[in-house]
Undergrad: 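First the structure, which I've put down as structure tokens, then a few questions once you've had a look.
Remember, it's a predicted structure, so these values are computed and weren't measured experimentally. The figures here come from the full heavy-atom set of this structure, side chains too, leaving out hydrogens, waters and symmetry mates.
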Amino acid sequence: MGAQFSQTFADKQREVQAEMMQKQTENMLRTQERMRRMMVAQQLAVARERFYWIGGTYATALTAFSAFVVKNKRVPPAAAIPLFIGTVVTAHQADLAYGTKLERINKMTGDLLTQNQGEHWFVPLMPSEQDAEKLKKL
């Protein structure tokens, strides 16, 4: 009779431990997702601040360039390339800070993780069912 009670108790204990491990895993995943979202929000804030600085500097340079063109009636060749590069950088930062670049990046990340699984070394592979069962037993 003691052996039956001991066996029942051990089974219940295993069930409780498995449930606790499941809850702990879910809580860890929620925490990691929250941390990831906080990091993305911080990166977005940094991108917006960078856009303010780059945009202000670029606007000042563009104003000086326009004044030079109006005064001298010619475009200085040495200023054409930096102004083009400045336009590209400013447009990229504006798209990142206020556009849909983050959504596109997030979609590409999801595509890499789901469609190309195992194709690239940097894509984390999900554990197989057998591996997951082995981990549960530990």
Undergrad: Residues sharing Val16's hydrophobic cluster, by side-chain heavy-atom contacts under 4.5 Å among ILVMFWY, directly or via others?
TA: Met20
Undergrad: How close do Val70 and Lys73 get, heavy atom to heavy atom, and via which atoms?
TA: O-NZ, 3.2 Å
Undergrad: In this structure, which one of Arg37, Met38, Arg30 forms a side chain to side chain contact (heavy atoms under 4.5 Å, CB included) with Arg34?
TA: Met38
Undergrad: Partners of Glu15 by side-chain contact (heavy atoms from CB on, under 4.5 Å), sequence neighbours excluded?
TA: Lys12
Undergrad: Does atom CD of Gln42 have more than 12 heavy-atom neighbours, drawn from other residues, nucleotides or ligands, at distances under 6.0 Å?
TA: no
Undergrad: Using the test side-chain contact (heavy atoms from CB on, under 4.5 Å), find all partners of Gln17 that sit at least two apart in sequence or belong to another chain.
TA: Gln13
Undergrad: For Lys23, is there an ion pair with Glu26 - N to carboxylate O distance below 4.0 angstrom?
TA: no
Undergrad: Classify the ring geometry of Tyr98 against Phe51: parallel below 30°, tilted from 30° to 60°, perpendicular beyond 60°.
TA: perpendicular
Undergrad: Between atom CD of Gln32 and atom CE of Met39, what is the distance when rounded to the nearest 0.5 Å?
TA: 11.5 Å
Undergrad: Check whether any side-chain heavy atom of Lys107 lies under 4.5 Å from a side-chain heavy atom of Asp111, and answer yes or no.
TA: yes
Undergrad: List, by chain and then residue number, the residues other than Met28 in its hydrophobic cluster (Ile/Leu/Val/Met/Phe/Trp/Tyr, side-chain heavy atoms under 4.5 Å); write none if there are no others.
TA: none
Undergrad: Asn72: which residues meet the side-chain hydrogen bond (donor to acceptor under 3.5 Å, both in side chains) condition with it, sequence neighbours left out?
TA: none
Undergrad: Tracing side-chain links under 4.5 Å among I, L, V, M, F, W and Y, which residues wind up in one group with Phe65?
TA: Tyr58, Leu62, Val69, Val75, Leu83
Undergrad: If I compare all heavy atoms of Gly55 with all of Thr90, which pair ends up nearest, and what's the gap?
TA: CA-CG2, 4.4 Å
Undergrad: Quick one, Asn106 and Glu103 - any side-chain contact, counting heavy atoms below 4.5 Å?
TA: no
Undergrad: Is there a chain of hydrophobic side chains (I, L, V, M, F, W, Y, each step under 4.5 Å between heavy atoms) that links Ile54 to Ile81?
TA: yes
Undergrad: Can you confirm whether Leu102 sits close enough to Gln43 that some side-chain heavy atom of one is under 4.5 Å from a side-chain heavy atom of the other?
TA: no
Undergrad: To the nearest 0.5 angstrom, please state how far the CG atom of Leu29 sits from the CD atom of Gln24.
TA: 11.0 Å
Undergrad: Just so I know, are the side chains of Gln93 and Arg48 near enough to count as touching, which here means a heavy-atom distance under 4.5 Å?
TA: no
Undergrad: In Å, rounded to the nearest 0.5 Å, how long is the span from CZ of Arg104 to CG of Leu96?
TA: 9.5 Å
